[in-house]
Amino acid sequence: QVQLAESGGGLVQAGGSLRLSCAASGSDFSINAMGWYRQAPGKERELVATITGAGTDRYGHGVQGRFTIARDGAKNTVTLQMNNLKPEDTAVYFCKAEGAFSLREGVYLDYWGQGTQVTVSS
């Protein structure tokens, strides 16, 4: 079992900044890619940013240049620095981690955090 602890969400004015953090914990586990997704009311969940264990990052539409994703040395924590926030960034942000391959399920396991609210006022 892997649990993802998220922090850093909150309410900010447009143009402000927030830093989201996500730490993976559990018994025996390994993590490859980690990242953040977000879901606004009435919309589908979308990619914000991901980063692999090798350090390759990928960003969703509309955030590159404003958001920066990074991993710690232990590769069990991911941070998302969000600058110049806009009202359209308002959403619930979910941390995601890709774990080990499960022989029982035949897939690489994905773990999700509970979500943290980010609200940007105009």
Side-chain angles (χ1 to χ4, degrees):
Q1 180 77 289
V2 174
Q3 294 181 320
L4 303 178
E6 304 157 318
S7 64
L11 172 65
V12 298
Q13 292 185 324
S17 298
L18 287 173
R19 177 177 290 176
L20 304 183
S21 295
C22 177
S25 63
S27 54
D28 294 324
F29 68 95
S30 62
I31 300 295
N32 185 18
M34 295 186 70
W36 291 91
Y37 292 73
R38 67 187 181 187
Q39 188 167 21
K43 296 185 178 180
E44 298 294 319
R45 188 171 299 185
E46 65 177 1
L47 167 73
V48 179
T50 61
I51 185 168
T52 69
T56 301
D57 52 21
R58 179 165 63 97
Y59 294 90
H61 297 298
V63 306
Q64 191 162 13
R66 298 188 296 121
F67 294 5
T68 303
I69 192 167
R71 294 275 285 272
D72 71 353
K75 299 182 179 180
N76 64 351
T77 301
V78 63
T79 62
L80 182 70
Q81 179 66 44
M82 304 187 295
N83 297 326
N84 192 25
L85 284 161
K86 304 175 180 180
E88 50 263 44
D89 294 318
T90 296
V92 177
Y93 284 67
F94 297 90
C95 180
K96 178 187 177 182
E98 179 181 293
F101 184 82
S102 172
L103 292 176
R104 174 180 293 180
E105 301 182 20
V107 297
Y108 287 92
L109 299 178
D110 289 335
Y111 304 98
W112 291 89
Q114 295 291 311
T116 183
Q117 179 70 47
V118 171
T119 302
V120 184
S121 62
S122 60

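Predicted model, so just to flag it, every value in this text is computed and none were measured.
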request  = Please check if Val92 and Met82 belong to a single hydrophobic cluster, counting links between Ile, Leu, Val, Met, Phe, Trp and Tyr side chain heavy atoms closer than 4.5 Å.
outcome  = no
inquiry  = Can you confirm whether Gln39 is buried at CD, in the sense that more than 12 heavy atoms of other residues, nucleotides or ligands lie under 6.0 Å from that atom?
reply    = yes
key: Phe67 vs Leu85 side-chain heavy atoms within contact, under 4.5 Å   = yes
inquiry  = Rounded to the nearest 0.5 Å, what separates atom CD1 in Ile51 from atom CG in Asp57?
reply    = 5.5 Å
message = Under the side-chain hydrogen bond (donor to acceptor under 3.5 Å, both in side chains) definition, can you give me all pairs with a residue in residues 83-95, not counting sequence neighbours?
response = Ser17-Asn83, Arg38-Asp89, Arg38-Tyr93, Arg66-Asp89, Gln81-Asn83
key: Heavy atoms of other groups near Glu46 CD, more than 12 under 6.0 Å   = yes
inquiry  = With a 4.5 Å cut-off on side-chain heavy atoms, are Thr77 and Cys22 touching?
reply    = no
ask   = Where do Val78 and Cys95 land on the side chain to side chain contact (heavy atoms under 4.5 Å, CB included) test, with the steps shown first?
value = CA-CA 9 Å; Val78 63; Cys95 180; 4.2 Å; yes
Distance-minimising heavy-atom pair for Ala14 and Ser122 = CB-CA, 4.4 Å
query = So if you build clusters from Ile, Leu, Val, Met, Phe, Trp, Tyr with side-chain heavy-atom gaps below 4.5 Å, do Leu103 and Leu109 land together?
reply = no
note = Separation between CH2 (Trp36) and OG1 (Thr79), nearest 0.5 Å, reads 9.5 Å
message = Please check: side-chain N/O of Thr52 versus main-chain N/O of Thr56, any donor-acceptor pairing under 3.5 Å?
response = yes
query = OG1 of Thr119 to CD of Gln13: how many Å apart, nearest 0.5 Å?
reply = 13.0 Å
ask   = Roughly how far, to the nearest 0.5 Å, is NZ of Lys96 from CG of Leu4?
value = 11.5 Å
query = Taking only residues two or more places apart in sequence or in another chain, which ones pass ring pair (Phe, Tyr, Trp, His ring centres under 6.0 Å) with Tyr59?
reply = none
query = Rounded to the nearest 0.5 Å, how far does CZ of Arg71 lie from OG1 of Thr50?
reply = 10.0 Å
query = With a 4.5 Å limit on heavy-atom distance, are the side chains of Arg58 and Leu47 in contact?
reply = yes
ask   = Hey, does Val118 have a side-chain heavy atom less than 4.5 Å from the side chain of Leu20?
value = yes
message = With a sphere of 6.0 Å drawn around CZ of Phe101, does it hold more than 12 non-hydrogen atoms of other residues, nucleotides or ligands?
response = yes
inquiry  = With a 6.0 Å cut-off on the ring centroids, do Tyr37 and Trp112 count as close?
reply    = yes
ask   = Can you tell me how far CG of Leu80 sits from CD of Glu6, rounded to the nearest 0.5 angstrom?
value = 11.5 Å
query = Can you list the residues that meet the side chain to side chain donor-acceptor pair (under 3.5 Å) rule with Glu98, with sequence neighbours excluded?
reply = Asn32
task = Please check if Ile31 and Ile69 belong to a single hydrophobic cluster, counting links between Ile, Leu, Val, Met, Phe, Trp and Tyr side chain heavy atoms closer than 4.5 Å.
result = yes
